[in-house]
*Asks:* 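What follows is a structure written as structure tokens; I'll ask about it next.
No experiment lies behind these values; they were computed from the predicted model shown. Reckoned from all heavy atoms, side chains included, excluding hydrogens, waters and symmetry mates.
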Amino acid sequence: MSSFRAHVLILASLLLIAGAGLIGCHSGGDLEIPKAHEDYITSFGWHVEKGIARILHPKGFYTGEKLDMLKSVDIDVSPYRDKEIQESIYLLQERQEQQEHGSISFHIYEVDGKIIGAHLAYEGYSPGLVKLRKRE
């Protein structure tokens, strides 16, 4: 098998794996921001610029590294393994202090309409996840 073909197969496999988590994904344009989400975000001192995406993760999606990554920002989704988890992502008006134009997004996780956790994500960092804290 040629090196080029091997790279194409690897890339296709990665896209299929990544796509599995995007079942029920809604994005593009400005998404409607539920009042409960806006109130939750502003209770931490942050302000929404616009809605970016709403992703419905299938049952059992959060395992291994994905589960550990959320635990690192104090979100434990393990009690919800047998449920679909909705992730809503919002671009914030605030920007990173370290980067002139670095954006910050606010991620809210819900099960059956109940918020079970949230975190911030900083553009340009890997993974860039930050524990939710009140803005000073």
*Asks:* Kindly check if the number of other-residue, nucleotide or ligand heavy atoms within 6.0 Å of CG (Asp82) is above 12?
*Replies:* no
*Asks:* Do the non-hydrogen side-chain atoms of Val77 and Val111 ever get within less than 4.5 Å of each other?
*Replies:* no
*Asks:* Got a donor-acceptor contact below 3.5 angstrom from the Glu94 side chain to the Trp46 backbone?
*Replies:*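 Absent.
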*Asks:* Can you name the closest pair of heavy atoms from Ile75 and Gly117 and give their distance?
*Replies:* CD1-C, 4.0 Å
*Asks:* Please report the shortest heavy-atom distance between Ser78 and Leu67, naming the atom on each side.
*Replies:* N-CD1, 3.9 Å
*Asks:* How many angstroms lie between atom NE2 of His47 and atom OG1 of Thr42, to the nearest 0.5 angstrom?
*Replies:* 7.0 Å
*Asks:* For His107 and Leu129, run side-chain contact (heavy atoms from CB on, under 4.5 Å): C-alpha distance rounded to whole Å, both residues' side-chain angles, the deciding distance at 0.1 Å, then the answer.
*Replies:* CA-CA 10 Å; His107 297 241; Leu129 303 184; 5.7 Å; no
*Asks:* How far does OG of Ser88 sit from CD1 of Ile41, to the nearest 0.5 angstrom?
*Replies:* 8.5 Å
*Asks:* With a 4.5 Å cut-off on side-chain heavy atoms, are Phe61 and Glu87 touching?
*Replies:* no
*Asks:* Specify the closest pair of heavy atoms between Arg95 and Leu92, including all atoms of both residues, with the distance to one decimal.
*Replies:*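 Shortest heavy-atom separation between Arg95 and Leu92 comes out as NH1-O, 2.5 Å.
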*Asks:* What distance do Ile89 atom CD1 and Phe106 atom CZ have between them, rounded to the nearest 0.5 Å?
*Replies:* 12.5 Å
*Asks:* Could Glu32 and Arg54 be called an ion pair, given the rule that one side-chain N must be under 4.0 Å from one carboxylate O?
*Replies:*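 So Glu32 does not pair with Arg54 through a salt bridge.
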*Asks:* Where does the angle between the aromatic ring planes of Tyr40 and Phe44 fall among parallel (under 30°), tilted (30 to 60°) and perpendicular (over 60°)?
*Replies:*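 Ring orientation, 0 to 90° scale: perpendicular.
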*Asks:* What distance separates Glu49 CD from Ile104 CD1, expressed to the nearest 0.5 Å?
*Replies:*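 Here the rounded value is 11.5 Å.
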*Asks:* Measuring from His57:NE2 to Glu84:CD, what's the distance to the nearest 0.5 Å?
*Replies:* 11.0 Å
*Asks:* Quick one: are Leu120 and Leu132 in side-chain contact, heavy atoms under 4.5 Å?
*Replies:*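 Yes, side chains in contact.
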*Asks:* Decide yes or no for Leu70 and His119: does some side-chain heavy atom of the first lie under 4.5 Å from some side-chain heavy atom of the second?
*Replies:*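 Leu70 reaches His119 side chain to side chain.
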*Asks:* Work out which heavy atom in Tyr90 is nearest to a heavy atom in Gly51; give both atom names and the distance.
*Replies:*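 That would be CD2-CA, 3.6 Å.
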*Asks:* Would you check if the side chain of Gln86 reaches a backbone N or O of Leu56 as a donor-acceptor pair within less than 3.5 Å?
*Replies:* no
*Asks:* Output all residues satisfying salt bridge (charged side-chain N to carboxylate O under 4.0 Å, His left out) with Asp112, sequence neighbours left out; order by chain, then residue number.
*Replies:* Lys83
*Asks:* Distance check, rounded to the nearest 0.5 Å: Ile85 atom CD1 versus Ile55 atom CD1?
*Replies:* 12.0 Å
